[in-house]
Amino acid sequence: MADSIAAASLIGYRPLSGGLSVNDGSYRRKSLSSCWRPVNEFVGKRILYSSPMLPRLKIDRLVNTSIKALATELTKEAYSYRERERIPRTWNYRVDTGADRKPGLWPPENRADNPSLHNPLIRQERMGCGWLGAIFEWEGVIIEDNPDLERQAWLSLSQEEGKPAPPAFILRRVEGMKNEQAISEVLCWSRDPAEMKRMATRREEIYQSLQGGIYRLRTGSKEFVNILMRHKIPMALVSTRPRKTLENAIGTIGIEGYFTVIVAAEDVHRGKPDPEMFSYAAQLLNFIPQRCIVFGNSNQAVEAAHDAFMKCVAVASKHPVYELGAADLAVRKLDELSIVDLKNLADIESPEFGPPEPELELELEEDDDRSTTVGVDDIFW
């Protein structure tokens, strides 16, 4: 019985006992495999050997050490197998784009980077700033505007032409429009093109005389434009003022060469809230509208920008921030923005910019010609 247990146990294997040696009575070193003897006693965890050549030897420590070594190897092999199963076979590792960074860390998050783009040149272009354009309004964004002078110019023109003075809500409605557009569509003073042109020119002359040729840059506007120039972002300037007036004003405040494109009153037929000015500026910049950001100062500018499929940053110059909630972003000064803000804003795909949803066709239910019999009592009740 003891021999059968010893034969079936781990001690009978050569790797566990072949490399060990013991000393016999003649003090000659012999291998344990050559001194193999049948087991005489098997008590609990101890295996005792009896031999005329060997004294009774306790190899309890030898057996325990060998079994522990074998168990360690088997454990390592099992865990390595589990690790191999844990490794994903698709190799779709998540690329760290900084989107989950904690606020306050530098560099800031940059959602403009698209890790799914396999072309490194396209990714590098998106990481740069040459893939978005900026369209600025002139008054209220770059320079300080004066709504009181605007209203005073319309009131003076109405007195000269013998027209009734427009009320305040009409004057608020014509803000941002071309003079000809306001005269014909809102004020309804004339429909004759020549007469509209004459009154529009006269109204501009009255405004310039009241304004006195004094222009003041808004706080932070020049610094922000310098940052955009440093990052080589194409910029356009739009206004309903005549081109000559715009060029003189740009030279006066010293920002010549900042804007790649200038869209003036002579270049478009209609002003805000029509998106014609912004669409034409994007066309001259050679950008699709979805990659252009409009900087305006009124809800009319926000409406025109969204109609042109562009993002809009509203500058709270003459309206408080809470009244500009329709804009994609509202700030008090331009220097509150950063390049990362513009990239994140231009990278967001707004749902209203997508293709129009197909209209649902209503199916008309066919009238059932089957006659139904109704009792007199049912009609009565």
Side-chain angles (χ1 to χ4, degrees), residues 133-143 145-151 153-154 166-191 196 199-200 203-204 207 235-243 246 261-285 287-331 345-346 350-354 356:
I135 301 176
F136 291 89
E137 284 193 320
W138 174 242
E139 294 175 339
V141 178
I142 301 297
I143 65 171
D145 61 344
N146 196 336
D148 295 335
L149 294 183
E150 296 281 352
R151 290 191 290 267
W154 284 114
F169 74 94
I170 293 293
L171 294 179
R172 286 194 299 269
R173 185 179 175 185
V174 300
E175 290 179 359
M177 291 185 176
K178 285 188 63 175
N179 293 335
E180 295 88 342
Q181 179 184 0
I183 291 171
S184 62
E185 297 181 7
V186 181
L187 299 174
C188 300
W189 287 351
S190 177
R191 297 284 183 175
M196 289 190 302
M199 285 192 288
R203 191 264 176 189
E204 188 64 30
Y207 176 80
M235 292 178 288
L237 181 66
V238 298
S239 177
T240 54
R241 301 293 177 194
R243 180 175 294 274
L246 277 179
V261 173
I262 296 178
V263 178
E266 296 88 350
D267 302 320
V268 294
H269 296 282
R270 300 170 61 85
K272 296 179 300 184
D274 194 281
E276 182 182 359
M277 291 191 304
F278 301 144
S279 299
Y280 185 57
Q283 182 180 356
L284 295 179
L285 288 175
F287 277 102
I288 60 174
Q290 287 79 0
R291 289 295 175 261
C292 291
I293 301 176
V294 175
F295 296 86
N297 70 328
S298 62
N299 287 318
Q300 289 87 343
V302 176
E303 179 183 354
H306 287 174
D307 288 343
F309 305 105
M310 302 179 185
K311 309 295 172 58
C312 183
V313 176
V315 181
S317 58
K318 61 181 179 181
H319 298 284
V321 175
Y322 62 84
E323 290 186 2
L324 303 173
D328 299 282
L329 193 62
V331 294
L345 187 61
S350 300
E352 64 268 18
F353 294 165

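Owing to the predicted nature of the structure, the values given are computational and were not obtained by experimental measurement. Note that the numbering runs from 1 along the sequence shown for the chain.
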Arg203 vs Glu150, salt bridge (charged side-chain N to carboxylate O under 4.0 Å, His left out): CA-CA, chis, key distance, verdict: CA-CA 9 Å; Arg203 191 264 176 189; Glu150 296 281 352; 2.4 Å; yes
Working for side chain to side chain contact (heavy atoms under 4.5 Å, CB included), residues Val186 and Ile170: CA-CA 7 Å; Val186 181; Ile170 293 293; 3.8 Å; yes
Apply side chain to side chain contact (heavy atoms under 4.5 Å, CB included) to Met177 and Asp274, showing your working. CA-CA 9 Å; Met177 291 185 176; Asp274 194 281; over 6 Å; no
I'd like to know whether Leu237 forms a side chain to side chain contact (heavy atoms under 4.5 Å, CB included) with Val261, so could you lay out the CA-CA distance, the side-chain angles of the two residues, the decisive distance to 0.1 Å, and finally the verdict. CA-CA 6 Å; Leu237 181 66; Val261 173; over 6 Å; no
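Closest of all the heavy-atom pairs between Pro166 and Leu171 is CG-CD2, 3.6 Å. Taking both residues in full, the closest heavy atoms of Ala134 and Phe295 are given as CB-CE1, 3.7 Å, listed atom of the first, atom of the second, then distance. Taking both residues in full, the closest heavy atoms of Leu324 and Ala316 are given as CD1-CA, 3.9 Å, listed atom of the first, atom of the second, then distance. Residues Pro242 and Ala264 share a closest heavy-atom pair of C-CB, 4.1 Å. In terms of heavy atoms, Ala281 sits closest to Val238 at CB-CG1, 3.9 Å. Closest approach of Gly271 and Gln181 over heavy atoms only: N-OE1, 2.7 Å.
In this structure, CD in Glu175 is found 11.5 Å from CH2 in Trp154, a value given to the nearest 0.5 Å. How far OG of Ser298 is from CD of Glu303: 9.5 Å, rounded to the nearest 0.5 Å. For the atom pair CG of Leu285 and OH of Tyr280, the computed distance is 11.0 Å after rounding to the nearest 0.5 Å. Trp138 CH2 to Arg241 CZ: the interatomic distance, rounded to the nearest 0.5 Å, is 11.0 Å.
With contacts defined as side-chain heavy-atom distances shorter than 4.5 Å, the pair Ile142/Glu137 does not qualify. A heavy-atom distance below 4.5 Å is found between the side chains of Met277 and Thr240. Ile135 is not listed as a side-chain neighbour of Val263, based on a closest heavy-atom distance of 4.5 Å or more. With a 4.5 Å cut-off on side-chain heavy atoms, Glu180 and Ile183 do not count as touching. Proximity of Asn179 to Glu204: side-chain heavy atoms (C-beta onward) are separated by under 4.5 Å at one or more points. Contact check for Asp267 versus Arg243: side-chain heavy atoms found under the 4.5 Å cut-off. With a 4.5 Å cut-off on side-chain heavy atoms, Asp307 and Pro273 do not count as touching. Contact check for Glu139 versus Asn146: no side-chain heavy atoms found under the 4.5 Å cut-off.
The backbone N or O of Glu323 sits less than 3.5 Å from a side-chain atom of Asn299, completing a donor-acceptor pair. A side-chain donor-acceptor contact under 3.5 Å links Lys178 to the backbone of Ala265. Judged by distance alone, the side chain of Lys311 and the main-chain N or O of Leu345 form a donor-acceptor pair under 3.5 Å. Here the side chain of Asp328 pairs a donor or acceptor atom with the backbone of Cys312 at under 3.5 angstrom.
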